[in-house]
Amino acid sequence: MTIQRRLALSFSLVLVLSLAIGLGLTYSHVLSKVRTETQAALNVGADSARHSLDVPGPVADPAEVLRGIVADFDGDRHLRARVEAPDGAVLAQSRPLAPEEAAPGWFYDLVHAAPERLELPLPPALAGVGRLILQTDSHNEVAEAWSDTRLTLTILAFFFAMVLVLAFATVKAGLAPLREIGQALNRIGSGDYSTRLAAPVAAELEPLRDGFNRMASRLEEMGHQNRALNEQILNLQEEERAELARDLHDDVAPFLFSVGADAAMIRQFLAKGESDAVGPRAEAIAEAVRHMQHHLKDVLRRLAPGALLDLGLPGAIDNLVAFWRSRQPGIAFEIEVSGDPIDPPLDAVAFRVVQESFSNAIRHGAPTTIEVTIDADDEQATILVEDDGKGFSGPAPTFGFGLTGMQERVRAVGGTLRVANRASGRGARVEARLPIRQRRPIEPSQSLEMPA
Ligand SMILES: Nc1ncnc2c1ncn2[C@@H]1O[C@H](COP(=O)(O)OP(=O)(O)OP(=O)(O)O)[C@@H](O)[C@H]1O
Ligand SMILES: [Mg+2]
């Protein structure tokens, strides 16, 4: 059920309940008022009639006097007066005031007071004509109560309608942004990260709108980064393949050609019986194969640097150093590994930190020395790579893909990365601290046995 419908239901319930209570109270009030008023009118009317009946001496026309008394009640709101002959015939009757607007029959039946009759004793001077009777009539009182009740009910109905309309409008306006947020979330879900919420919202929803916009901006940014990374990966792959093709073409193809040529010459020498000439050719073939083996190892190392970790971190770093030494003979590499061996998952992270730091130092810093210090204890491993090159140009380095990737790898294992210029002297300094998960405790079977 929608919030709007729920609200309408609870409001209606409260309104109907208060209406019922209001009606109950009004009913009992009207009931007692009709009775009190007609009773009071009867008392006052009886007093006034008694006063009129108080004639001092004999009267010439008693019937006329009684008719006069009855006529005094013409226009009365609650009483009828009449003179009845001893045989019951009505000799005279007052005309009560007709209500301006009569109450409907059902209302009259509900609240009217039963007519009350009062016969007034006549003095001897007026005796013999008949009986003077006063009788209550609640039509006027009921009509008045009906008019009051109708007014009250109209005001109540108007008030209830206003409350309902206002409550509906407020809830509708309050919930409108939620619908918009829902649609915006759907758009985000279908990949449209440019979606933003701009419309003003109620103060309570402002954090939701701002949070949504921040999330959308972050997603959009990450989408851009993802695309850029993908492009870079594709470019790198292309470059890497082109370089491998060039290397194979330049370094392997000529040796294969020379091996083929030497083998053909050996066949010719053997056919001519010149076996002395075979030795140098076979030696040349062996030399070419050695060269190709060496080159193949180089290519394999570039294709699968991770596999080098099978040698352990120090071995993998040695290989990396050998790779760069052969290309950058002017750079001195100083490697110091101490402490406990690092866990294998951290080995890979440590290796990537060293690998990218080497590439960065050589590409951007033109150093003469690169130092690597790796130390590990029970709690953490520290990997420090320092060079004496140009260092970072600004106070804080701008992260490219290399440093970002390094940071993500370090964070993924719960570590921290600090990249800055060296405090003393020239060059850059990259320090990664990787927490070591608690080494496995000694199994009970391995624990020291206590003497029985
Ligand atoms: N050892 C260093 N000496 C001097 N500047 C460095 C060094 N390492 C990084 N930088 C600077 O920091 C920037 C960011 O390095 P990062 O490795 O993130 O990206 P990159 O090397 O430019 O590109 P790539 O994404 O290919 O690694 C570099 O462009 C360079 O200006
Ligand atoms: Mg880099």
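Positions are given from 1, in the same order as the sequence printed here. Whatever order the structure lists them in is the order used to number ligands and atoms, beginning at 1.
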Item to check | Close-contact set for ligand 1 against Asp387 heavy atoms, below 4.0 Å | outcome: 1 (N)

Next on the checklist: Between Arg433 and Glu431, does any side-chain N to carboxylate O distance fall below 4.0 Å?
Outcome noted: yes

Checklist entry - Heavy atom of Lys390 under 4.0 Å from ligand 1? => result no

Item to check | 4.0 Å heavy-atom contact, Met406 with ligand 1 | outcome: no

Item to check | Donor-acceptor contact below 3.5 Å, side chain Asp388 vs main chain Thr368 | outcome: yes

Item to check | Residue selection (non-hydrogen contact nearest atom 24 (P) of ligand 1) among Ser357, Ala361, Gly402, Ser393 | outcome: Gly402

Next on the checklist: If I take every N, O or S atom of Ser359, is at least one of them less than 2.8 Å from the Mg ion (ligand 2)?
Outcome noted: no

Next on the checklist: Could you tell me if Arg352 and Gln355 have a donor-acceptor pair between their side chains, going purely by distance under 3.5 Å?
Outcome noted: yes

Item to check | Short N or O distance, Ala428 and ligand 1, threshold 3.5 Å exclusive | outcome: no

Next on the checklist: Any salt bridge linking Asp262 with Arg281? Criterion: basic side-chain nitrogen under 4.0 Å from a carboxylate oxygen.
Outcome noted: yes

Checklist outcome for this item: Numbered in order shown, the ligand 1 atoms found under 4.0 Å of a heavy atom of Leu403 are 14 (C), 15 (O), 16 (P), 17 (O), 18 (O)

Item to check | Gly389 touching ligand 1 at heavy-atom level, < 4.0 angstrom | outcome: no

Checklist entry - Who's the nearest protein heavy-atom neighbour of atom 10 (N) of ligand 1, and how far? => result Phe392 CE2, 3.2 Å

Checklist entry - For atom 4 (C) of ligand 1, what is the nearest protein heavy atom, given as residue, atom name and distance? => result Gly391 O, 3.3 Å

Item to check | atom 27 (O) of ligand 1: nearest protein contact (heavy atom, Å) | outcome: Glu356 OE2, 2.9 Å

Next on the checklist: For a salt bridge (charged side-chain N to carboxylate O under 4.0 Å, His left out) check, start with the C-alpha distance between Arg150 and Glu101, then their side-chain angles and the critical distance, and finish with the verdict.
Outcome noted: CA-CA 12 Å; Arg150 210 175 44 177; Glu101 190 194 346; 3.1 Å; yes

Next on the checklist: What verdict does the side-chain contact (heavy atoms from CB on, under 4.5 Å) test give for Arg35 and Gln39, after you've listed the backbone C-alpha separation in whole Å, the side-chain angles of each residue and the deciding distance to 0.1 Å?
Outcome noted: CA-CA 6 Å; Arg35 270 151 197 65; Gln39 190 60 52; 6.0 Å; no

Checklist entry - Do Asn360 and ligand 1 have an N or O pair less than 3.5 Å apart? => result yes

Checklist entry - Which of parallel (below 30°), tilted (30 to 60°) and perpendicular (above 60°) describes Phe358 and Phe333? => result tilted

Checklist entry - Are Glu287 and Arg290 within salt-bridge range, i.e. N to O under 4.0 Å? => result yes

Item to check | ligand 1 atoms in contact with Phe401 (distance to a heavy atom under 4.0 Å) | outcome: 18 (O), 25 (O)

Checklist entry - With no hydrogens and no angle check, is any side-chain donor or acceptor of His364 less than 3.5 Å from a backbone partner on Asn360? => result no

Checklist outcome for this item: Heavy-atom proximity to atom 29 (O) of ligand 1 ranks first, among Glu386, Arg363, His364, for His364

Checklist entry - Side chain, backbone, both or neither: which part of Pro397 comes within less than 4.0 Å of ligand 1 when only heavy atoms are counted? => result neither

Checklist entry - In Glu356, what N, O or S atom is nearest to the Mg ion (ligand 2), if we give its atom name? => result OE2

Next on the checklist: Under a 3.5 Å distance rule, please check whether Ser147 uses its side chain to pair with a backbone N or O of Ala143 as donor and acceptor.
Outcome noted: no

Checklist entry - Between Thr398 and ligand 1, which part of the residue brings a heavy atom under 4.0 Å of the ligand: side chain, backbone, both or neither? => result backbone

Next on the checklist: Less than 4.0 angstrom from a charged side-chain N to a carboxylate O is my criterion; do Glu37 and Arg77 meet it?
Outcome noted: no

Checklist entry - What is the nearest protein non-hydrogen atom to atom 19 (O) of ligand 1, stated with its residue, atom name and distance? => result Gly400 CA, 3.6 Å

